[in-house]
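Before any comments, here is the structure.
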Number of protein chains: 2
Amino acid sequence: MPDEETIQALAETFDVLRDPTRLRIVVALSRQEMCVLDIAELLHVSESAVSHQMRLLKTLRLVKHRKNGKMVYYSLDDEHIEDLIRVATRHISER
Amino acid sequence: MPDEETIQALAETFDVLRDPTRLRIVVALSRQEMCVLDIAELLHVSESAVSHQMRLLKTLRLVKHRKNGKMVYYSLDDEHIEDLIRVATRHISER
DNA sequence: GAAATGATTGATCAATTGTTCAGCTGTTAA
DNA sequence: TTAACAGCTGAACAATTGATCAATCATTTC
């Protein structure tokens, strides 16, 4: 049995992806870099909602950002997340 | 962008594994078949709590069960879940 | 049958969560 | 300097969640 710390870290990782909005953001960013407004429009949620989620994704080191003037461009910071989505997609397609 | 149904199914999958108790149950079952009481004792949680979680895991087809008298033995029903845990473990070990 | 055991269930409760709203910061252009 | 724009933030709210408790079911043993 993995130690408590590992379990917590694993749970935290899955926790990020369990929310549909966050999942959509991550999937979108796996294809291209995007700014907050682009994401908000694509997913039909408010800028504020996106911004809140980006803070979480940033804190957990899932995304990185790049500022250009007043725009903030986000992209994935971790290729493992794409792996997770791939494996999970295989899972649901066979269940 | 995947359709709404796929996103929901993906989120649901990650949702199961985001809870430490549920994650510990799944990890334990990936090693051996266990009954409710075994799991409860191993994880130091109540039988009732385990039973509630087993219902969820059963509903989402993550575990299967086998009755033998008054005992119910649970085991994993899906090898993809072990893959997910493997990939996630690699992720956290490198972050 | 009654008691004991393993497991399940429903109700309840505190804690957590994601969104909204309003106001804010920082940057650009007039 | 003002207005407009892109993004961030904290408070507040409803909704969801996971554990606990008590009661119950199902099976075995006495």
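Owing to the predicted nature of the structure, the values given are computational and were not obtained by experimental measurement. Quick note on labels: first sequence line is chain A, next is B, and so on, each numbered from 1.
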For B:His52 and C:dT9, say yes or no: do the ring centres fall under 5.5 Å of each other while the ring planes differ by less than 30°?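 B:His52 vs C:dT9: stacking yes.
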Under 4.0 Å between a side-chain N/O of [X] and OP1 or OP2 of [N], yes or no?
X: B:Thr21; N: D:dA19; value: yes
X: B:Ser46; N: D:dA19; value: no
X: A:Tyr74; N: D:dC8; value: yes

Heavy-atom closest pair, residues B:His80 and B:Asp78: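 Looking at all heavy atoms of both residues, the closest pair is N-OD1, 2.7 Å.
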Looking at every heavy atom in both A:Ala28 and A:Leu42, which two are closest together, and how far apart are they?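 Here A:Ala28 and A:Leu42 meet closest at CB-CD2, 3.9 Å.
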Would you mind telling me which of [options] lies closest to the side-chain atoms of [X]?
X: B:Lys70; options: D:dT20, C:dT5, C:dA7; value: C:dT5
X: A:Val36; options: D:dG7, C:dG10, C:dG6; value: D:dG7
X: B:Leu37; options: C:dA22, C:dG6, D:dA6; value: C:dG6
X: A:Arg18; options: C:dG18, C:dG26, C:dT9; value: C:dG18
X: A:Arg55; options: C:dA7, D:dC8, D:dG10; value: D:dG10
X: B:Gln53; options: C:dG6, D:dG10, D:dG18; value: D:dG18

Upstream residue (5' side of DNA chain C) when A:Asn68 and A:Val45 are each assigned their closest nucleotide: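 Mapping each residue to its closest nucleotide by heavy atoms, the 5'-most match is A:Val45.
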B:Cys35 or A:Asp15, whichever maps to the more 5' nucleotide of DNA chain C: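 This one resolves to B:Cys35.
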Rounded to whole angstroms, how far apart are [atom1] on [X] and [atom2] on [N]?
X: B:Lys58; N: C:dA7; atom1: NZ; atom2: P; value: 11 Å
X: A:Met71; N: D:dA6; atom1: CE; atom2: C1'; value: 7 Å
X: A:Arg66; N: D:dA6; atom1: CZ; atom2: P; value: 16 Å
X: B:Lys67; N: C:dA7; atom1: NZ; atom2: C1'; value: 8 Å
X: B:Asp19; N: D:dG18; atom1: CG; atom2: P; value: 5 Å
X: A:Met34; N: D:dA6; atom1: CE; atom2: P; value: 14 Å
X: A:Leu56; N: D:dC8; atom1: CG; atom2: P; value: 13 Å
X: A:Glu12; N: C:dT16; atom1: CD; atom2: P; value: 14 Å

With the threshold set at 4.0 Å, does a side-chain nitrogen-carboxylate oxygen contact exist between A:Glu33 and A:Lys64?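 No salt bridge links A:Glu33 with A:Lys64.
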Look at B:Glu82 together with B:Arg31 and state whether they make a salt bridge at an N to O cut-off of under 4.0 Å.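 No, no charged N to carboxylate O under 4.0 Å.
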Atom CG of B:Leu62 and atom CG of B:Asp77: how far apart are they, to the nearest 0.5 Å?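 With rounding to 0.5 Å, CG (B:Leu62) is 8.0 Å from CG (B:Asp77).
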Has the side chain of A:Ser48 got a donor or acceptor atom sitting under 3.5 Å from an opposite partner on the base of D:dT9?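 Side chain to base: pair found, below 3.5 Å.
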In terms of ring plane angle, is the pair B:Phe14 and A:Phe14 parallel, tilted or perpendicular, where the classes change at 30° and 60°?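 Plane angle under 30°, so parallel.
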Take A:Met54 and B:Gly69, find for each the nucleotide of DNA chain D with the closest heavy atom, and name the residue whose nucleotide sits nearer the 5' end.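 Of the two residues, A:Met54 wins.
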